[in-house]
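Dumping the structure here so I can ask a few things about it.
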Amino acid sequence: MKITCDFCKTEYTLTKISGVPVKCAICGHVWVPHRRFSGNGVLSRFLVVLCALIAACIFSFVAIVKFQHHAEQRKQLVAHIDEKSVHLVKDADGNNRIFVSGNITNHTEDIYGLPGIIILSYDGANNVISRQAFMPPATLIEPKTTVTFNHILSVDPTNVKRVSVELKESK
């Protein structure tokens with residue numbers, strides 16, 4: 001096995017390393033040589049696999065925590081439309097449009113950024129006729145508060161039988 005003086009880099013060949021101090025014949029430096037593991041040894045392969053396994057576990061843990069945080073945020077911000085707050089109005093051209101009023105409530109003790117709002121309109125067979133997204137009236141929602149929103153749908157109200165609200169997924 002080859003060893004190298006830490007001070008002057010002189011190389012020596014030993015038949016075995018016993019862990020006792022050696023003295024360099026060139027510079028006189030004394031050190032204890034240690035066995036170096038070759039890259040193709042069983043221990044090296046085991047360590048590589050172990051490190052990869054640990055890295056995969058850490059990645060999985062971080063991904064799960066991040067997903068749970070987003071899921072928790074979605075549960076804590078609740079959007080609601082009351083049936084009484086949906087009615088017809090006339091636009092500037094005299095056409096009937098659907099006016100929707102609702103609210104978003106923050107049930108937590110934390111401040112959240114408000115996501116976009118999506119109003120869905122459905123026909124009598126419960127098929128989605130349209131999805132209209134719009135920005136909320138505020139950028140942040142304080143803890144334990146409610147923000148009201150209003151929106152006029154551009155869809156023809158003739159076939160609309162029901163409307164609902166969703167919050168856009170935050171990325």
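Everything quoted here is computed from the prediction, not taken from an experiment.
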Residues that Asn96 engages under side-chain hydrogen bond (donor to acceptor under 3.5 Å, both in side chains), provided they are two or more places apart =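 Checked Asn96 against side-chain hydrogen bond (donor to acceptor under 3.5 Å, both in side chains); matches are Lys90.
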Ile129 reachable from Val163 in the ILVMFWY side-chain graph, under 4.5 Å edges |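 Val163 and Ile129: one cluster.
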Between Val147 and Leu167, is there a shared hydrophobic cluster once you connect ILVMFWY residues whose side-chain heavy atoms come closer than 4.5 Å?
->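 In one cluster: yes.
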Minimum heavy-atom distance Ala138-Leu114, with the two atoms named =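 What the structure gives for the nearest pair is O-CD1, 3.4 Å.
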Hydrophobic side-chain clustering at under 4.5 Å (ILVMFWY, transitive links): who's grouped with Phe99? Put none if nobody.
->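 Besides Phe99, the hydrophobic cluster comprises Val89, Ile152, listed by chain and residue number.
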Does Val20 belong to the same Ile/Leu/Val/Met/Phe/Trp/Tyr cluster as Leu14, with side-chain heavy atoms less than 4.5 Å apart forming each link?
->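 No: no chain of side-chain contacts under 4.5 Å links Val20 to Leu14.
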Side chains of Thr10 and Cys27: closer than 4.5 Å at any heavy-atom pair?
->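 Result no, sub-4.5 Å side-chain heavy-atom pair not found.
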Heavy-atom closest contact (Asp6 atom, His29 atom, distance) =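 Shortest heavy-atom contact: CB-NE2, 3.9 Å.
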Measure across Val78 and His107 and return the closest heavy-atom pair with its distance rounded to 0.1 Å.
->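 Distance-wise, the nearest heavy atoms are CG2-CD2, 3.6 Å.
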Could you state the interatomic distance from OG (Ser154) to CG (Asn95), rounded to the nearest 0.5 Å?
->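 One finds 11.5 Å between OG of Ser154 and CG of Asn95.
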Residue pair Gly124 / Lys161: nearest heavy atoms and the distance that separates them |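 Shortest heavy-atom contact: N-CG, 3.3 Å.
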For residues 46-62, tabulate all N or O donor-acceptor pairs below 3.5 Å that involve a side-chain atom, not counting sequence neighbours.
from  : atom 1 : to    : atom 2 : distance (Å)
Ser60 : OG     : Ala56 : O      : 2.9

Asn106-Thr145 side chain donor-acceptor pair, cut-off 3.5 Å =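 No.
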Distance in Å, Asn159 CG paired with Ser130 OG, rounded so as to fall on 0.5 Å steps |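 Separation between the atoms: 11.0 Å.
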Examine Phe149 and Leu120 and state if one hydrophobic cluster contains both, with Ile, Leu, Val, Met, Phe, Trp and Tyr joined whenever side-chain heavy atoms are less than 4.5 Å apart.
->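 No, because Phe149 and Leu120 fall into different hydrophobic clusters, even though each may have its own neighbours under 4.5 Å.
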Are side-chain heavy atoms of Pro21 and Val32 found at a separation under 4.5 Å?
->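 Sidechains of Val32 and Pro21: in contact.
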Any side-chain heavy-atom pair of Pro115 and Leu77 under 4.5 Å |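 Yes - at least one pair of side-chain heavy atoms lies under 4.5 Å apart.
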Roughly how far, to the nearest 0.5 Å, is CG of Asn127 from OH of Tyr122?
->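 If I round to the nearest 0.5 Å, the distance is 10.0 Å.
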Atom CD1 of Ile119 and atom CD1 of Ile98: how far apart are they, to the nearest 0.5 Å?
->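 Ile119 CD1 to Ile98 CD1: 10.5 Å, rounded to 0.5 Å.
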Approximate separation, where rounding is to 0.5 Å, of Ser101 OG and His80 NE2 |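 The distance works out to 10.5 Å.
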Quick one: do Leu153 and Val160 end up in the same hydrophobic cluster if we chain Ile, Leu, Val, Met, Phe, Trp and Tyr together by side-chain heavy atoms under 4.5 Å apart?
->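 Result: yes, single cluster for both.
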Check whether any side-chain heavy atom of Val22 sits under 4.5 Å from a side-chain heavy atom of Trp31, and report yes or no.
->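 Answer yes - side chains close enough.
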Heavy-atom closest contact (Ile81 atom, Ser164 atom, distance) |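 Heavy-atom minimum between the residues: CD1-C, 3.8 Å.
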Looking at side-chain heavy atoms only, is the closest gap between Leu88 and Pro157 below 4.5 Å?
->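 SC-SC contact between Leu88 and Pro157 confirmed.
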Tyr12 atom OH: more than 12 heavy-atom contacts under 6.0 Å =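 Check passes, neighbour count above 12.
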How far apart are the C-alpha atoms of Asn103 and Thr148, what are their side-chain angles, what is the distance that settles it, and do they pass the side-chain hydrogen bond (donor to acceptor under 3.5 Å, both in side chains) test?
-> CA-CA 4 Å; Asn103 56 53; Thr148 302; 5.6 Å; no
Closest non-hydrogen atom pair between Thr105 and Ile141, with its separation =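 Smallest interatomic distance, heavy atoms only, reads C-CD1, 4.2 Å.
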Euclidean distance, Asp91 CG relative to Arg97 CZ, rounded to 0.5 Å =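 Rounded to the nearest 0.5 Å, the CZ-CG separation comes out at 5.0 Å.
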